[in-house]
Amino acid sequence: MTSTRHRFPQERQQQMIDVIVERKRVGTAELAKLLKISLPTVRRDLTVLEQAGIVARTHGGVVARGIGEGDTEPLFLEKVRHHQTLKQRIGQKAAASIEDGQVALLDSGTTALATAHALAGRRITVVTMDIKVAEAAAVGPTEVHIVGGRVRNGYFSLVGNWAKTALATIQADICFIAADAIDEGGVTTATFDEAETKRLAMSRAKRTVVITDHSKFGKRVFAEVCGLHAIDELITDRDAEDLIAPYRKLIPAITLA
């Protein structure tokens, strides 16, 4: 395995997650050897991942949270491993579309999480429906508000009446919406609760920007969020370039990151 000694912490931690998920349970000394980093660095990174709810520490080692005998891998932990470089580029491009002093509504999910990292430290206000997105954005002068509601265990998003009540009182400049799937019929997501929360968030902002990577195109899942006509801008990665032609006639702006 390539040395992670000189990589950014986020890249090193992502490689650490991949090893932990693959092996289910691994010792700290083994992680240090596999990743070619020191034990103190391993311990610091594991503390970050534990605080984020991604892993659980055991005596002398670590397990992926929610993974054990007979368990399945949580959706968040599965998503966080996929297309991370693309999501970081999308997040950076999304962050560049908001100006200091503005209010951004930020959806749940790993692309929203990448956007939160890109926004962190800016003099803006972030309102989010996701616990991990709130944690990522809450840096320095960035003012972060998190709506109440029921936490979807393993997903970290907030849904339900409390979330809807809080969102109904907000006026935002821009709403960043993630998509589980997008096709010519519009944006869809896995549950009705998520779809309802996303629609309400969109209604509270002057602009709606969908942030999603190319793997979500041409797909449709259970609950409809909105049609393409409700989107002001779509931000995706360059691997979607051959897929977006049908969307151009209905979405005013499409940006490739």
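Values reported hereafter were calculated over all heavy atoms of this structure, with side chains retained and with hydrogens, waters and symmetry mates removed.
- S157 pairs in a side-chain contact (heavy atoms from CB on, under 4.5 Å) with only one of the listed residues (E194, M129, R150), which is E194.
- For the side-chain contact (heavy atoms from CB on, under 4.5 Å) test, residues two or more places apart in sequence or in another chain that qualify with E184 are P246, K249.
- Contact check for L31 versus M16: side-chain heavy atoms found under the 4.5 Å cut-off.
- Hydrophobic clustering (side-chain heavy atoms under 4.5 Å, transitive across Ile, Leu, Val, Met, Phe, Trp, Tyr) groups I254 together with L250.
- Evaluation of the side-chain contact (heavy atoms from CB on, under 4.5 Å) rule for A32 yields L39, V42 as partners, not counting sequence neighbours.
- Among residues two or more places apart in sequence or in another chain, the side chain to side chain donor-acceptor pair (under 3.5 Å) test is passed with E143 by H145.
- Annotation: side chain of R57 is in contact with side chain of T47 (closest heavy-atom distance under 4.5 Å).
- The CD1 atom of I37 lies 8.5 Å from the CD atom of Q15; values are rounded to the nearest 0.5 Å.
- Within the 4.5 Å cutoff, the side chain of D45 has heavy atoms near those of the R12 side chain.
- Applying the ring-ring contact (aromatic ring centres under 6.0 Å, His included) definition to pairs two or more places apart or across chains, none involves residues 11-35.
- Closest non-hydrogen pair, K87 versus T110, comes out as NZ-OG1, 2.8 Å.
- Linking ILVMFWY side-chain heavy atoms closer than 4.5 Å, directly or via other members, places I177 and L200 in two distinct hydrophobic clusters.
- Of all the heavy atoms in I98 and A104, the pair that sits closest is CD1-CB, 3.3 Å.
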Check against side-chain contact (heavy atoms from CB on, under 4.5 Å), I211 and T115
CA-CA 9 Å; I211 47 175; T115 303; 3.5 Å; yes
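- Hydrophobic clustering (side-chain heavy atoms under 4.5 Å, transitive across Ile, Leu, Val, Met, Phe, Trp, Tyr) keeps V187 apart from V209.
- Between the side chain of D107 and the main chain of A112, no donor-acceptor pair closer than 3.5 Å is present.
- Between T142 and L119, every side-chain heavy-atom pair lies at or beyond the 4.5 Å cut-off.
- The side-chain contact (heavy atoms from CB on, under 4.5 Å) test with L158 singles out one residue from V151, T128, D130, and that residue is V151.
- Among residues at least two apart or in separate chains, salt bridge (Lys or Arg N to Asp or Glu O under 4.0 Å) pairs with a member in residues 155-177 are K164-E196, D173-K206.
- In this structure, I182 and T188 have side chains that are not in contact, with every pair of non-hydrogen atoms separated by 4.5 Å or more.
- The shortest non-hydrogen separation linking A95 to A118 is CB-CB, 3.6 Å.
- Applying the side chain to side chain donor-acceptor pair (under 3.5 Å) test to R122 and every residue at least two apart in sequence or in another chain returns D100.
- Annotation: the span from E30 atom CD to I20 atom CD1 amounts to 10.5 Å, rounded to 0.5 Å.
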Are R152 and D193 close enough, and set up right, to give a salt bridge (Lys or Arg N to Asp or Glu O under 4.0 Å), and what steps lead you there?
CA-CA 10 Å; R152 296 186 65 222; D193 279 345; over 6 Å; no
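- When all heavy atoms are compared, the tightest approach of G101 to I124 is N-CG2, 4.0 Å.
- Neither I146 nor V159 shares a network with the other; the hydrophobic side chains, linked directly or stepwise wherever heavy atoms of I, L, V, M, F, W or Y lie under 4.5 Å apart, form separate groups for each.
- Atom CG of residue L105 and atom NZ of residue K198 lie 12.0 Å apart, to the nearest 0.5 angstrom.
- With sequence neighbours left out, the side chain to side chain donor-acceptor pair (under 3.5 Å) criterion links E241 to no other residue.
- Under the rule for a side chain to side chain donor-acceptor pair (under 3.5 Å), the partners of T41 that lie at least two apart in sequence or sit in another chain are S38, R44.
- Applying the side-chain contact (heavy atoms from CB on, under 4.5 Å) rule to S97 yields the partners I174, F176; only residues at least two apart in sequence or on another chain are considered.
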Please report the C-alpha distance between D180 and T189 in whole Å, then the side-chain angles of each, then the deciding distance to 0.1 Å, and finally whether the side-chain hydrogen bond (donor to acceptor under 3.5 Å, both in side chains) criterion is met.
CA-CA 5 Å; D180 287 339; T189 193; 2.7 Å; yes
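- Under a hydrophobic clustering in which Ile, Leu, Val, Met, Phe, Trp and Tyr are joined whenever their side-chain heavy atoms come within less than 4.5 Å, directly or via other members, I131 and W162 fall into different clusters.
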Pair up each side-chain donor or acceptor in residues 217-237 with any protein partner under 3.5 Å, not counting sequence neighbours, and list the distances.
{"unit_1": "K219", "atom_1": "NZ", "unit_2": "S215", "atom_2": "O", "d": "2.9"}
{"unit_1": "R220", "atom_1": "NE", "unit_2": "D183", "atom_2": "OD2", "d": "3.1"}
{"unit_1": "R220", "atom_1": "NH2", "unit_2": "D183", "atom_2": "OD1", "d": "3.2"}
{"unit_1": "R220", "atom_1": "NH2", "unit_2": "G185", "atom_2": "O", "d": "3.4"}
{"unit_1": "D232", "atom_1": "OD2", "unit_2": "T208", "atom_2": "N", "d": "2.8"}
{"unit_1": "E233", "atom_1": "OE1", "unit_2": "R207", "atom_2": "NH2", "d": "3.0"}
{"unit_1": "E233", "atom_1": "OE2", "unit_2": "T255", "atom_2": "OG1", "d": "2.6"}
{"unit_1": "T236", "atom_1": "OG1", "unit_2": "T212", "atom_2": "O", "d": "2.7"}
{"unit_1": "D237", "atom_1": "OD1", "unit_2": "H214", "atom_2": "N", "d": "2.7"}
{"unit_1": "D237", "atom_1": "OD1", "unit_2": "H214", "atom_2": "ND1", "d": "3.3"}
{"unit_1": "D237", "atom_1": "OD2", "unit_2": "H214", "atom_2": "ND1", "d": "3.0"}
{"unit_1": "D237", "atom_1": "OD2", "unit_2": "D239", "atom_2": "N", "d": "3.0"}

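- By the side-chain contact (heavy atoms from CB on, under 4.5 Å) test, A116 pairs with L106, V133, A136, A137, sequence neighbours left out.
- The salt bridge (Lys or Arg N to Asp or Glu O under 4.0 Å) check on R25 picks up nothing, with sequence neighbours excluded.
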